[in-house]
Amino acid sequence: MKGPSIRWRLTGWHGAVLAVMLIGFSVVIYLMTQQRLLTRTEFELDEELDEFQMEVSLARDLADLQKQLEKRFGQHATFDFQLTTLAGETLFRSKRLAERALPLPVPQAVSDSVAFANRSIPGLGPHRIAVKRLPGPTGPMVVQAAAPLASNAKELHDLVVTLVSVGPIVLGCALAGGYILARRALAPLDRMIAAAERISAQRLNQQLEVSNPRDELGRLAQTLNGMLGRLHRSFDEMRRFTADAAHELRTPLAVLRSEVEVALQSTRSAEQYQHALESVLEETARLTRLTDQLLMLCREDMGVNDVRRESVRLDTLAREVVDDLQVVAEQQRVALRAGRLQRTLVEGDPGRLRQVCFNLLDNAIKYTPPRGAVIVRSTLEGGRVQLIIEDTGIGISHEHQPHIFKRFYRVDSARNGAGTGLGLAICKAIVEAHHGRIDVESAVNRGTCFTITLPKSTVPAGKD
Ligand code: ADP
């Protein structure tokens, strides 16, 4: 199922975060305004009470007090007042209150300092009421001053209307802005997708556009370009390998075919048939060797034989291969011997390491003329192990040395008819799978020396 695009998701998240912030901001503004309005009302009430107290303190007697209060506070524009004795007997009440007495406070709660409370006065609505005790001409008195809260409520209501109407507009603008920004930021990604869709196996040499190599999308494009480059190279290698393999297979098959065709053209003697069959057998052996080697290389490439981690004594292994090849060396009249084989332990696959040793010794015998010598040695130095295979053979000239590990590369194909040019490529693949390296040093007509370097085994050595 296709979900919403990153662009929409980014805009959605951006909108949700902004909405939460706007709501939080509105609530804070509302609460702060409510508190500010209440403080202002209380301040005004406090000031009025001070004036009221002044009037009370100047009065000579109760009648004079009531007359003065009536004059100044009887019809106050905003506030209403009520003066009582501590016992609750009313001494003065402003006009608007008329018969509506303000509820009397609990006498213990009244003190010389002003206290505030919210009360709803029937017919007049909610009020903020200030209470204070005063010394009067006839003893202590309680004064109450009431301020209507309607104007505060109106101001708060207006604020809510403003916030509720402006908020969605701000949110809408921010969402539109967020969407445009997300679209602009992700536009290179769209171009990359379009370009990537155009790239097929045949067009792996194409590259993605890198708009800004320093930003994340630029780095992604560079990484993908690097990957495309590697894919292109390995596709190319694979194509070349397949073509070379097909070419190599064609030659023995063509020879086979012509041998058989010639043999079938007319009736031949038993001897001639035998000769033809021997040729067929030789070519079949060559084909088998080639296909075996191709299979081995494919396995190395696919990592099918992931390196087995086993302790292998390289010196023992080399000695065994020398013994196995002794007959071949004798046939060639080459002196094959094991030199100083230091005890060397590596971790890896004994079968594949044996293959490397075999290929190198086999080559050394093959490319060494009679009366020459082949010697194998092993050394242990620091954390590295080396297997050295040296011969006094025909050598490899400098211009060929960099290529001999390439697949199907043969220095002189005319001189080595049986060679496939895959042996050294297999050696290199195996050694590299063991985190090692293979090097060659050679001089024409003086001899060749192959050195395999592998990391020493970290597993403690066994008894032998
Ligand atoms: P091949 O099956 O032809 O021997 P390799 O991959 O084993 O293929 O070797 C590649 C080429 O390197 C050979 O054709 C040969 O010319 C050269 N070569 C390999 N080993 C030696 C050696 N010890 N002395 C001289 N030439 C060698």
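Scope of the values below: all heavy atoms of this structure, side chains included, with no hydrogens, waters or symmetry mates. Every number for a ligand or one of its atoms is a count from 1 in the order of the listing. In this chain, residues are counted from 1 in sequence order.
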>> A side-chain contact here means heavy atoms from C-beta on lying under 4.5 Å apart; do Leu422 and Arg407 qualify?
In response: yes

> Is Thr420 touching ligand 1 with its side chain, its backbone, both, or neither, if touching means heavy atoms under 4.0 Å apart?
Replying inline: both

> Considering Asn363, Asp391, Asp362, which one's heavy-atom position lies nearest to atom 7 (O) of ligand 1?
Replying inline: Asn363

> Among the heavy atoms of Ala364, does any lie under 4.0 Å from an atom of ligand 1?
Replying inline: yes

> Heavy-atom distance to atom 17 (C) of ligand 1: which of Leu361, Val411, Thr368, Val374 wins?
Replying inline: Val411

> To the nearest 0.5 Å, what is the distance between CD1 (Ile404) and CZ (Phe450)?
Replying inline: 4.0 Å

> Hey, which atoms in ligand 1 end up nearer than 4.0 Å to a heavy atom of Tyr409?
Replying inline: 10 (C), 11 (C)

> Does the side chain of Ser378 pick up a donor-acceptor pair with the side chain of Gln342 at under 3.5 Å?
Replying inline: no

>> Looking at Asp244 and Lys406, is any side-chain nitrogen of the basic one under 4.0 Å from a carboxylate oxygen of the acidic one?
In response: no

> Going by heavy atoms in the side chains, are Tyr367 and Val411 under 4.5 Å from each other?
Replying inline: no

> Does Leu208 offer a backbone N or O that forms a donor-acceptor pair with the side chain of Asn225 under 3.5 Å?
Replying inline: yes

> Using the ring of each side chain (for Trp, its six-membered ring), is Tyr179 parallel, tilted or perpendicular to Trp8, with breaks at 30° and 60°?
Replying inline: tilted

>> Pairing donors with acceptors under 3.5 angstrom, does anything connect the side chains of Ser397 and Glu399?
In response: yes

>> Counting only nitrogen or oxygen atoms and a 3.5 angstrom limit, does Ile404 reach ligand 1?
In response: no

> Nearest heavy atom to atom 1 (P) of ligand 1: which of Ala425, Gly395, Gly421 does it belong to?
Replying inline: Gly421

> Which one holds for Ile396 and ligand 1: side chain close, backbone close, both close, or neither close, with close meaning a heavy atom under 4.0 Å?
Replying inline: side chain

> Hey, does Asp349 have a side-chain heavy atom less than 4.5 Å from the side chain of His434?
Replying inline: yes

> What atoms of ligand 1 come within less than 4.0 Å of a heavy atom belonging to Leu422?
Replying inline: 6 (O), 8 (O)

>> Any side-chain to backbone donor/acceptor pair from His14 onto Ala174? Under 3.5 Å, distance only.
In response: yes

>> Nearest non-hydrogen contact with atom 21 (C) of ligand 1 belongs to which option: Tyr367, Phe408, Phe405?
In response: Tyr367

> Going by the atom numbers of ligand 1, which of them fall below 4.0 Å from some non-hydrogen atom of Gly423?
Replying inline: 5 (P), 6 (O), 7 (O)

> Counting only heavy atoms, which portion of Lys366 has something under 4.0 Å from ligand 1: side chain, backbone, both, or neither?
Replying inline: side chain

> For ligand 1, which atoms have a heavy atom of Leu424 less than 4.0 angstrom away?
Replying inline: 5 (P), 6 (O), 7 (O), 9 (O), 10 (C), 12 (O), 19 (C)

> Numbering the atoms of ligand 1 from 1, which are under 4.0 Å from a heavy atom of Phe450?
Replying inline: 20 (N), 23 (N)

> Taking distance alone, with no angle check, do Arg410 and ligand 1 share an N/O pair under 3.5 Å?
Replying inline: no

